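What follows is a single structure, written as structure tokens, with notes after it.
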Amino acid sequence: MDGIPGGPTPVRRSIVSFSPRGGRMTAGQRRAWDRLWARFGRDVDTRPLDAPTWFGRAAPLLLEIGSGMGEATAALAAAEPGSNHLAVEVYPPGLAQLLLRIEAGQLTNLRLLRGDALDVLESMLAPESVAGIRIFFPDPWPKRRHHKRRLVTPRFVALAASRLAPGATLHLVTDWSDYAADMLAVCGAQPLLCNDFEGWAPRPHWRPDTRFESRAAAQGLPCRDLIFRRRASQ
């Protein structure tokens, strides 16, 4: 894999949860990509991920789906040095910006995958291998005719739950009230998951603020945290 923007993705889906928006890198982002991608990033493929080899150590693996421009991702990796952090994102400018954050913070416990998170869950991660999955402010696809594109569906939650180790958590955050209600219903119906809070979770003190949350607060929109835990295997 060469890691060049515009490279192939392993599976072509008729419906995906992300929009095909473009994005031209800044000169600084391009230099960061050329300098750092080969070390910290790779494209999603169908081969099982050997995380201990890639990270250079065995440690709990935390997966973030949709890292955006990486501000929360980098902050969490810096705050949790004992864990390996894996960020999945489709947009090269966001990944390049996160590479800049990795360099600035001298973060050695963060790796990046470019591509569809469903491919990562289906092909690259083994069952019960992940210590936590975080999805902060996924695209809400607000128009009703686009709801089918939302990431958090029964199929996705079943797949994500199967990759969580017993006791590991699926942490979701959104500022869209109808999407939050759908997430609560879908996750609550998944037999492998339990909700320790029986509804919305209190905002964890360790979750970094993001521009999405600041924008929602300015508009008077509440952000909902949902934290579901993987049940022990039967």
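Keep in mind that the numbers below use all heavy atoms, side chains included, and drop hydrogens, waters and symmetry copies. None of these values were measured; they are calculated from a predicted model.
Side-chain atoms of N84 and R111 form no donor-acceptor pair, as typed in the model, at a separation below 3.5 Å.
With sequence neighbours excluded, the residues forming a salt bridge (Lys or Arg N to Asp or Glu O under 4.0 Å) with R203 are D209, E213, listed by chain and number.
Inter-residue side-chain proximity for I133 and L121 is flagged as met; some heavy-atom pair is nearer than 4.5 Å. Between E64 and E89 the shortest side-chain heavy-atom distance does not fall below 4.5 Å. With contacts defined as side-chain heavy-atom distances shorter than 4.5 Å, the pair L98/S67 qualifies. Proximity of T210 to F136: side-chain heavy atoms (C-beta onward) are nowhere separated by under 4.5 Å. A 4.5 Å side-chain heavy-atom check between L159 and S162 finds at least one atom pair inside the cut-off. Proximity of P92 to W33: side-chain heavy atoms (C-beta onward) are separated by under 4.5 Å at one or more points. The shortest side-chain heavy-atom distance between F228 and T169 does not fall under the 4.5 Å cut-off.
Here the rule is side-chain contact (heavy atoms from CB on, under 4.5 Å) with V120, and of D45, I65, V88 only V88 fits it.
A 6.0 Å sphere centred on CD of Q219 holds more than 12 heavy atoms belonging to other residues, nucleotides or ligands. The neighbour count for R39 CZ, taken as heavy atoms of other residues, nucleotides or ligands under 6.0 Å away, does not exceed 12.
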What verdict does the side-chain contact (heavy atoms from CB on, under 4.5 Å) test give for R42 and R114, after you've listed the backbone C-alpha separation in whole Å, the side-chain angles of each residue and the deciding distance to 0.1 Å? CA-CA 6 Å; R42 62 180 63 172; R114 183 178 72 105; over 6 Å; no
I would like to know whether L192 and R231 meet side-chain contact (heavy atoms from CB on, under 4.5 Å); could you show each step before the answer? CA-CA 5 Å; L192 290 176; R231 299 180 190 273; 5.6 Å; no
Using side-chain contact (heavy atoms from CB on, under 4.5 Å), reason through E128 and R230 one step at a time and then give a plain yes or no. CA-CA 9 Å; E128 301 189 359; R230 167 68 194 263; 3.0 Å; yes
Quick one: do W176 and R224 satisfy side-chain contact (heavy atoms from CB on, under 4.5 Å)? Show the steps, please. CA-CA 8 Å; W176 285 82; R224 304 290 194 185; over 6 Å; no
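A pairwise comparison of heavy atoms in A180 and L226 identifies O-CD1, 3.8 Å as the closest pair. Taking every heavy atom of both residues into account, L118 and D116 meet most closely at N-OD1, 2.9 Å. Contact detail for V44 and L113: the closest heavy-atom pair is CG2-CB, 4.0 Å. P138 and M183 make their closest contact through CG-CE, 3.6 Å (heavy atoms, listed as atom of the first residue, atom of the second, distance). Counting all heavy atoms, side chain and backbone alike, Y179 lies closest to L151 at OH-N, 3.2 Å. Here the shortest heavy-atom pairing between L170 and C187 reads CD2-SG, 4.1 Å.
In this structure, L86 CG and L63 CG are separated by 5.5 Å, a value rounded to the nearest 0.5 Å. For the atom pair CD1 of I227 and SG of C194, the computed distance is 12.0 Å after rounding to the nearest 0.5 Å. Taking NE2 of H85 as the start and CG of N109 as the end, the distance is 5.0 Å to the nearest 0.5 Å. One distance of note links CD1 of I102 with CG of L112; it measures 4.5 Å at 0.5 Å rounding. Taking OG of S129 as the reference point, atom CG of L61 lies at 6.5 Å (rounded to 0.5 Å). Rounding to the nearest 0.5 angstrom, the gap separating the CD atom in Q29 from the CG atom in L95 is 10.0 Å.
L221 and W200 fall into different hydrophobic clusters, where Ile, Leu, Val, Met, Phe, Trp and Tyr side chains are chained together by heavy-atom contacts under 4.5 Å. Note on L49: it does not cluster hydrophobically with L62, by side-chain heavy-atom contacts below 4.5 Å among ILVMFWY residues. Hydrophobic clustering of Ile, Leu, Val, Met, Phe, Trp and Tyr side chains at less than 4.5 Å, counting indirect connections, unites L110 with F40. Both M124 and W54 belong to a single network of hydrophobic side chains, linked directly or stepwise wherever heavy atoms of I, L, V, M, F, W or Y lie under 4.5 Å apart. Cluster membership check: M25 does not share its hydrophobic cluster with M69, using side-chain heavy-atom separations under 4.5 Å among Ile, Leu, Val, Met, Phe, Trp and Tyr.
Salt bridge annotation for E122-R155: present, with a cationic side-chain nitrogen under 4.0 angstrom from a carboxylate oxygen. Of the charged side-chain nitrogens involved, none lies within less than 4.0 Å of a carboxylate oxygen, so that R150 and D139 do not count as a salt-bridged pair.
Ring centers of W206 and H171: under 6.0 Å apart, within the cut-off.
Among pairs with a residue in residues 184-198, those fulfilling side-chain hydrogen bond (donor to acceptor under 3.5 Å, both in side chains) read D196-R229, at least two apart in sequence or across chains.
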